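Below is one structure, written out as structure tokens, with a few remarks after it.
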Number of protein chains: 2
Amino acid sequence: MAGVSFRQQVLVAREGAIVASVNRLLAEKGFEAMTVEEVAADVGIAKGSLYKHFVSKEALAAAAMVRVLDRALAFLETESQHSAATPVEHLKSCVRWMLQMQSAGEMPWLPAQNSTLRAALLQDRAYIDRVMAVSDRLGAWIVAAQSTGAINPALPAEAVLYTMYARACDPVPGFLRAGGKFNDEQIVDILLALCFDGLLARSPAADQTSISLLAS
Amino acid sequence: MAGVSFRQQVLVAREGAIVASVNRLLAEKGFEAMTVEEVAADVGIAKGSLYKHFVSKEALAAAAMVRVLDRALAFLETESQHSAATPVEHLKSCVRWMLQMQSAGEMPWLPAQNSTLRAALLQDRAYIDRVMAVSDRLGAWIVAAQSTGAINPALPAEAVLYTMYARACDPVPGFLRAGGKFNDEQIVDILLALCFDGLLARSPAADQTSISLLAS
DNA sequence: GTCTATAGCCAGATAGAC
DNA sequence: GTCTATCTGGCTATAGAC
């Protein structure tokens, strides 16, 4: 525990590089399209060596998820320092962060219905722990925002939570990006408005998430 | 054109059965998880015979999409008969229809980023034509609803359209279903509220999509 | 057109030398 | 632990008899 050998540090660094590559490739092409061989080539090692670090392709994806969830937890930590912000403002910041991660190509894109992958994730304690930690933090803000009436109290809290999570794999930003009419910042603003304000117009302009379309 | 032979009718019926199976399997497990052999077994014919009808796996998926888009067009046709409805009400009905199709296991689930599949779809005129027909119809209602101010006019019309399309592959209904606390009808109501009203509460209760949670 | 059988390919995972 | 080489299995697609 006291001294970590140099060799071990090198190994840890290499694993970090592997997970970083996996993260990028998952964001770029998704789980099934990403091949283990590709990951190895990207890191610059042999495929056989990869399997000394991670027992399966699913384990690679799980490690990438742990990495991004750790980043999310770090963001949540600094976000909660802003004690002046209301719960809803915290939630908006979180969704904005997710959307920015997605457009930066940093958000792993996992299929919702791959059974072997889901099974592997559900048995990965590191993953589960972090999902629960993130959900607890978001859940507290959701409950608070619903009690003040800022977030629609008629919505089940879990529906709000899932909706936030689902922004990580929303195809709409990709479609808008493909259209070429909007830059990343505008797309984030549009999606924030869609998520929090919905499609319907709001009567008082005051409580509406502003979309800065005039900047184009 | 006048007389269609009995043999041809049998073939058409068989192809209909094939596409129906593909549709169901795509809804159930998605494109990559569905195998051609599985489709053949489900229809009750040999794999080789399938390739006499459809040249590739992608062509199977395209046929399933054409089928569901034809259903959508039929729905749009009857929906537009309701001349008493406002454009927004039409749009809500459409989203509701999509959500119901999804929970009924009738909505094919295609990956957003499979390049070979996308290429095949974009070269399939039958598919393209129907997508454009559906988009034209929805687009007209969207423009009308934005001009009256019912739908937020600050949103780009294509963002509204994409948001509606994206409800077909929204993972949130699946999460809610897995939770087991809500039935399909409640889930549809929740998602309609999320889509049109957003997460934030609305000041006047009048213009809010009601969620019938008291029924549980 | 339908079947059985198989070609061809590719990706995940393993073995064994160093 | 890293490498090269290989195994294994499954999937798309095709061939050829009937």
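Below, chains carry the letters A, B, ... as their sequence lines are ordered, and counting in each starts from 1. In what follows, every heavy atom counts, from backbone to side chain, and hydrogens, waters and symmetry copies are set aside. These numbers were taken from a predicted model, which means no experiment stands behind them.
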Given [options], identify the nucleotide with an atom nearest to the side chain of [X].
{"X": "A/Ala46", "options": "D/dC3, D/dT12, C/dG1", "answer": "D/dC3"}
{"X": "B/Thr35", "options": "C/dT2, D/dC11, D/dC3", "answer": "D/dC11"}
{"X": "B/Ile45", "options": "C/dC3, D/dC3, C/dT2", "answer": "C/dC3"}
{"X": "B/His53", "options": "C/dT2, C/dA13, D/dT12", "answer": "C/dT2"}

Let me know the distance between [atom1] of [X] and [atom2] of [N], rounded to the nearest Å.
{"X": "A/Leu50", "N": "D/dC3", "atom1": "CG", "atom2": "P", "result": "9 Å"}
{"X": "B/Phe54", "N": "D/dT12", "atom1": "CZ", "atom2": "P", "result": "15 Å"}
{"X": "B/Leu60", "N": "D/dT12", "atom1": "CG", "atom2": "P", "result": "10 Å"}
{"X": "A/Ile18", "N": "D/dT2", "atom1": "CD1", "atom2": "C1'", "result": "12 Å"}
{"X": "B/Glu37", "N": "D/dG9", "atom1": "CD", "atom2": "P", "result": "15 Å"}
{"X": "A/Tyr51", "N": "D/dT2", "atom1": "OH", "atom2": "P", "result": "15 Å"}
{"X": "B/Lys29", "N": "D/dC11", "atom1": "NZ", "atom2": "C1'", "result": "13 Å"}

Exercise. Would you check if B/His53 and B/Leu11 make a side-chain contact, meaning some heavy-atom pair closer than 4.5 Å?
Key: yes
Considering only heavy atoms from C-beta outward, does the side chain of B/Arg137 approach that of B/Glu77 to under 4.5 Å?
->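 B/Arg137 vs B/Glu77: side chains touch.
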- On the 0 to 90° scale, with breaks at 30° and 60°, tag the A/Trp97-A/Phe75 ring pair as parallel, tilted or perpendicular. parallel
5'-most contact on DNA chain D: B/Glu58 or B/Lys52, nearest heavy atom basis?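 Its nearest nucleotide being more 5', the pick is B/Glu58.
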- Let me see the working for A/Lys57 and A/Met34 under side-chain contact (heavy atoms from CB on, under 4.5 Å), right down to the final yes or no. CA-CA 9 Å; A/Lys57 185 184 180 184; A/Met34 178 191 82; 4.3 Å; yes
If each of A/Ser49 and A/Phe31 is mapped to the nucleotide of DNA chain C with the nearest heavy atom, which maps nearer the 5' terminus, i.e. the 5' end?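 The residue whose closest nucleotide sits nearer the 5' end is A/Phe31.
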ask   = Taking the nucleotide of DNA chain C with the closest heavy atom to each, which residue, A/Glu32 or B/Lys47, is nearer the 5' end?
value =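 Whichever sits nearer the 5' end wins; that is B/Lys47.
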Taking only side-chain nitrogens and oxygens of B/Arg14, does any of them come within less than 4.0 Å of OP1 or OP2 of C/dT2?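 Yes.
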| What pair of heavy atoms forms the shortest contact from B/Glu106 to B/Arg67, and how long is it? |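 Heavy-atom minimum between the residues: OE1-NH2, 4.2 Å.
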Within the structure shown, what part of the strands sits under 4.0 Å from B/Lys57 by heavy-atom distance: base, sugar-phosphate, or nothing?
sugar-phosphate
